[in-house]
Amino acid sequence: LASMSVKEILQSLVDDGMVDTDRIGTSNYFWAFPSKALHARKRKLEELESQFAESSQKKEALQKSIEKSKIGREDTAERTALLKELAALRQKKEQLKKEIDKYRECDPDVVEEIRQTNQVAKEAANRWTDNIFSIKSWAKRKFGFEESRIDKCFGIPEDLDYID
């Protein structure tokens with residue numbers, strides 16, 4: 001603290017809101033009123049009291065909710081038996097789900113989805129084959145190339161044809 005200059009200390013107090021400053025002309029004026037600190041503390045106290053009251057209300061509401069949800073959940077032999085049965089049924093459900101997943105490829109919906117995907121792929125392959133034939137035809141007309149030469153240059157297989 002001893003090594004700090006008056007200017008640094010004042011700036012620190014201004015930053016903390018304990019001292020006010022204003023520039024008038026070429027001078028900087030600093031002031032602090034005792035009542036300002038009192039009002040700031042009162043505002044802070046009111047804010048904290050408000051937060052406390054709000055938190056207390058939330059706590060009461062949660063306590064009521066807990067009490068309400070405990071109704072009908074008393075530990076009885078019947079409830080314990082039902083909980084055990086529920087756990088067993090959930091475990092059985094998981095086992096059945098795993099079994100269904102094993103036979104997923106036989107599911108008619110999955111098979112139909114695969115058929116549709118294959119149909120789309122087949123149409124796309126035929127469209128590209130058609131595009132290749134169009135480009136070969138254009139190249140033969142434009143440049144007078146032989147079809148076998150075009151196939152060889154572009155790595156097109158000789159048996160390229162539409163997919164049935």
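For clarity, every value in this text was computed on a predicted model and none was experimentally measured.
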*Asks:* Is atom CH2 of Trp31 surrounded by more than 12 heavy atoms (other residues, nucleotides or ligands) closer than 6.0 Å?
*Replies:*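 For Trp31, atom CH2 is crowded (more than 12 foreign heavy atoms under 6.0 Å).
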*Asks:* Any side-chain heavy-atom pair from Lys44 and Arg41 closer than 4.5 angstrom?
*Replies:* no
*Asks:* Membership question, hydrophobic clusters at under 4.5 Å side-chain separation (ILVMFWY): are Ile114 and Tyr103 in the same one?
*Replies:*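 The answer is no; the residues belong to distinct hydrophobic clusters.
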*Asks:* Would you be so kind as to tabulate the donor-acceptor pairs closer than 3.5 Å made by side chains of residues 85-100, with sequence neighbours excluded?
*Replies:*
none

*Asks:* Which residues pass the salt bridge (Lys or Arg N to Asp or Glu O under 4.0 Å) test with Arg141, sequence neighbours left out?
*Replies:* none
*Asks:* Cluster question for you: counting only ILVMFWY and a side-chain heavy-atom cut-off of under 4.5 Å, with indirect links fine, are Val14 and Phe33 together?
*Replies:* no
*Asks:* With sequence neighbours left out, write down each residue that passes ring-ring contact (aromatic ring centres under 6.0 Å, His included) with Phe30, or none if nothing qualifies.
*Replies:*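 By the ring-ring contact (aromatic ring centres under 6.0 Å, His included) rule, Phe30 matches no residue at all.
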*Asks:* Do Asp151 and Lys136 have side-chain heavy atoms sitting under 4.5 Å apart?
*Replies:* yes
*Asks:* I need the Glu158 CD to Ser148 OG distance, nearest 0.5 Å.
*Replies:*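 These two atoms lie 8.0 Å from each other.
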*Asks:* Above 12 or not: heavy atoms from other molecules or residues under 6.0 Å from CZ of Phe154?
*Replies:*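 Count not over threshold, so no.
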*Asks:* Without placing hydrogens or testing angles, list every side-chain donor-acceptor pair under 3.5 Å for residues 45-63, not counting sequence neighbours.
*Replies:*
{"unit_1": "Ser55", "atom_1": "OG", "unit_2": "Gln51", "atom_2": "O", "d": "3.0"}
{"unit_1": "Ser56", "atom_1": "OG", "unit_2": "Phe52", "atom_2": "O", "d": "3.0"}

*Asks:* Looking at CG of Leu38 and CZ of Arg43, how far apart are the two atoms once the value is rounded to the nearest 0.5 Å?
*Replies:* 10.0 Å
*Asks:* Flag yes if Phe145 and Trp138 sit in one hydrophobic cluster, no otherwise; membership is Ile, Leu, Val, Met, Phe, Trp, Tyr, and two members link when side-chain heavy atoms are under 4.5 Å apart.
*Replies:* yes
*Asks:* Any salt bridge (charged side-chain N to carboxylate O under 4.0 Å, His left out) involving residues 12-35? Give me the pairs, sequence neighbours left out, ordered by first then second residue.
*Replies:*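 For residues 12-35: Asp20-Lys36.
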*Asks:* Hey, does Cys153 have a side-chain heavy atom less than 4.5 Å from the side chain of Arg149?
*Replies:* yes
*Asks:* What's the separation between atom CG in Asn118 and atom CD in Gln116, rounded to the nearest 0.5 Å?
*Replies:* 10.5 Å
*Asks:* Applying the 4.5 Å side-chain criterion to the ILVMFWY set and letting contacts propagate, would Ile135 and Ile156 be lumped into a single cluster?
*Replies:*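 Hydrophobic grouping puts Ile135 apart from Ile156.
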*Asks:* Any side-chain heavy atom of Ile150 sitting closer than 4.5 Å to one from Phe143?
*Replies:*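 They are not in contact (no side-chain heavy atoms under 4.5 Å apart), so the answer is no.
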*Asks:* Show me the donor-acceptor pairs, under 3.5 Å and distance only, between side chains in residues 120-127 and residues at least two apart or in other chains.
*Replies:*
{"unit_1": "Lys122", "atom_1": "NZ", "unit_2": "Asp164", "atom_2": "O", "d": "2.8"}
{"unit_1": "Glu123", "atom_1": "OE2", "unit_2": "Gln119", "atom_2": "NE2", "d": "3.2"}
{"unit_1": "Asn126", "atom_1": "OD1", "unit_2": "Ile163", "atom_2": "N", "d": "2.6"}
{"unit_1": "Asn126", "atom_1": "ND2", "unit_2": "Ile163", "atom_2": "O", "d": "3.1"}

